[in-house]
Number of protein chains: 2
Amino acid sequence: MDDHLKRLWRHRGATLPTPRRGPRQQLDLDEILAVAISLADASGLEAVSTRAVAARFDKTAMALYPYVGTKENLLALMQDQASAMPALSVAQEDLAEGLSGWATALYEVYLAHPWLTERSWAQATQGPNEQDWMEALLGVFERFAVPPASRTPAVTMLYATVRATAQTAAAYSRLTDADLEAWQAGAAAVPDAYPLTAALPAITPNWQDAPRAGLLAAVNLLATGLQAGGPHLSRRD
Amino acid sequence: MDDHLKRLWRHRGATLPTPRRGPRQQLDLDEILAVAISLADASGLEAVSTRAVAARFDKTAMALYPYVGTKENLLALMQDQASAMPALSVAQEDLAEGLSGWATALYEVYLAHPWLTERSWAQATQGPNEQDWMEALLGVFERFAVPPASRTPAVTMLYATVRATAQTAAAYSRLTDADLEAWQAGAAAVPDAYPLTAALPAITPNWQDAPRAGLLAAVNLLATGLQAGGPHLSRRD
DNA sequence: CGAAACACTATACACTGTCAGGAGTTATGG
DNA sequence: CCATAACTCCTGACAGTGTATAGTGTTTCG
């Protein structure tokens, strides 16, 4: 089994070989990841450099290698660690409630760690915490008897929508006044060539809540589609 | 008007000031972008460095600055240039056909330029070609009288789903045999803890077509949801 | 007790984006 | 007509990045 996989699943049975031969380890993988994650939360993924993380422990960059391997491995470990699933709300009366409960919980995680949206979720190597989310979603499908053929596309849509919503929310919260002016200048540049776009609701003063409302609306849309019997009925009038 | 915006809209009326004072320009913005895009297509976004692009013209990195500005501007220009919209298929009998025509066309663009999925589409500054796609999608909504309240969430879902599908397709096509072995080793590591995940269709030999089929199924799902009357009806049994 | 395995440091290498200055070229204003 | 402002492009530099390599010292195994 790969070293990286062992590290990913270290809290679910996989054991890093403990009786080691060299000097004592002065660092701890979980602490390293906590520091790296707090760095990313505060200043973005590009602030997470091997030297910056190691400096928090008064160590050099190379000291991290026995713990996390390469930088890409570090990022994958951060991704899974930050994806820890909370206890989901128990109220699941119907499919729409079950899906929106799952979606908003995942949305909260992405809001707390906006850099997660920059990481691909189509990774071949996924960790235990990300698997938990997938299993929970499939549990909702199972509970409300979603037809199997619709499950894979629904999974894709839900993950993609949650991530896209969190991404726009994060982008909004990073907007400065100067950015807003620049945006309006750009919008004013070609006003009449795109009538339909212009008719869309623009950035309103309450865009704090707009992403979450949009997410719920999208999930409800999908829930009705799933209840209508799946894609093979879509051609019916 | 910002220099960057002028460059973005240079083919839609915005004019870069032509009677300039210094020596003749030896490069051309469109050629620079073509080279940068071909670089990204072949070797990924991280292969696009200012020095690498400039070297194709036997120039130094700094020679690009009068044409594209900063690296971030270069990426934004590439993004829009690569997003040029082809003529969409004219057959749009019903909403599902209209949406899947739009979605597969955008999907093809993303397949041709996989690095587009790494770029945020929630950018405040969007270019003309990306606007074209948005306008076309809203045109489909308008044509089939999609209720206005459902349009914004539907836009999010469609874009997000197309991008996610293209991302997984790109990840699949990059998979080597060694990656596949590693993936199976990881899947075998914890077999029984995730029964529902295990029951999902695994990576089949025909994963070339799986993403596209998944995209169509997802779009049909959404179309039925939209035709069912929107999210306010989702609570009905 | 020797030797193998390990943690960590120091140094170095090949990159990255872009700032600062300078040389040379072109159009403009007086 | 000519000084000057504006422009293009180059050189060199700087502060970063991830990580390969070599070396030092420590711990445990045979």
Side-chain angles (χ1 to χ4, degrees), chain A residues 2-4 6-7 10 15-33 35-36 39-40 42-79 115 118-119, chain B residues 2-4 6-7 10 15-33 35-36 39-40 42-79 115 118-119:
Chain A
D2 188 31
D3 272 359
H4 177 57
K6 280 192 202 152
R7 287 192 272 255
R10 69 197 179 284
T15 54
L16 322 211
T18 52
R20 306 166 74 90
R21 206 174 273 203
R24 298 283 140 65
Q25 296 202 134
Q26 302 175 25
L27 299 178
D28 178 70
L29 177 49
D30 290 277
E31 292 179 23
I32 291 175
L33 295 182
V35 160
L39 254 174
S43 315
L45 253 199
E46 79 281 358
V48 179
S49 72
T50 56
R51 284 172 176 84
V53 173
R56 293 281 191 107
F57 300 100
D58 287 314
K59 295 268 143 58
T60 64
M62 299 305 291
L64 299 182
Y65 273 75
Y67 298 90
V68 303
T70 73
K71 172 93 186 277
E72 179 52 38
N73 288 346
L74 167 62
L75 292 175
L77 289 167
M78 290 170 60
Q79 180 175 359
W115 46 273
E118 299 172 39
R119 303 270 319 159
Chain B
D2 189 30
D3 271 0
H4 177 56
K6 280 192 204 154
R7 288 193 270 256
R10 69 197 179 285
T15 53
L16 323 211
T18 51
R20 307 167 73 90
R21 208 175 274 201
R24 298 283 138 67
Q25 297 202 131
Q26 302 174 23
L27 299 177
D28 177 69
L29 177 49
D30 290 276
E31 292 178 22
I32 291 175
L33 295 181
V35 160
L39 253 173
S43 316
L45 253 199
E46 80 281 358
V48 179
S49 71
T50 56
R51 284 173 176 84
V53 174
R56 292 281 189 106
F57 299 99
D58 287 315
K59 295 267 144 58
T60 64
M62 298 306 290
L64 300 182
Y65 272 74
Y67 299 90
V68 302
T70 72
K71 172 93 184 278
E72 179 53 37
N73 288 345
L74 167 63
L75 292 175
L77 290 166
M78 289 170 61
Q79 180 175 358
W115 46 273
E118 298 171 40
R119 303 270 320 159

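In what follows, chains carry the letters A, B, and so on, assigned in the order in which the sequence lines appear, proteins first and then strands, with residues in each chain numbered from 1.
- Within the nucleic acid shown, B:S49 comes within 4.0 Å of sugar-phosphate atoms alone, with no base atom in reach, counting heavy atoms only.
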Between A:H4 and A:T70, is a side chain to side chain contact (heavy atoms under 4.5 Å, CB included) present by the stated rule, with each step listed? CA-CA 9 Å; A:H4 177 57; A:T70 73; over 6 Å; no

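- Here the CG atom belonging to B:D30 is positioned 4.5 Å from the CZ atom belonging to B:R10, to the nearest 0.5 angstrom.
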B/S/- along nucleotides 3-10 of chain C (protein heavy atoms under 4.0 Å) is -BSBSSBB

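- Sorted by first and then second residue, the side-chain hydrogen bond (donor to acceptor under 3.5 Å, both in side chains) pairs involving residues 52-68 of chain B (not counting sequence neighbours) are B:Q26-B:K59.
- Interatomic distance, B:I32 CD1 to B:L74 CG, rounded to the nearest 0.5 Å: 8.5 Å.
- Note: CD (A:E72) to C1' (D:dT17) measures 15 Å, nearest angstrom.
- One atom, CG of B:N73, and another, P of C:dT18, lie 9 Å apart when rounded to the nearest Å.
- For B:D28, there are no salt bridge (Lys or Arg N to Asp or Glu O under 4.0 Å) partners, not counting sequence neighbours.
- Remark: B:Y65 is not in phosphate contact with D:dT8, judged by side-chain N or O atoms under 4.0 Å from OP1 or OP2.
- To the nearest 0.5 Å, the span separating CG on B:L33 from CG on B:L39 amounts to 12.0 Å.
- Taking only distance into account, the side chain of A:R51 never meets the base of D:dG16 through a donor-acceptor pair shorter than 3.5 Å.
- The distance from atom CG of B:L39 to atom P of C:dT16 is 11 Å, rounded to the nearest whole Å.
- In this structure, CG of B:D28 is placed 17 Å from C1' of D:dC9, rounded to the nearest angstrom.
- Look at NZ on B:K71: it is 15 Å from P on C:dC15, rounded to the nearest Å.
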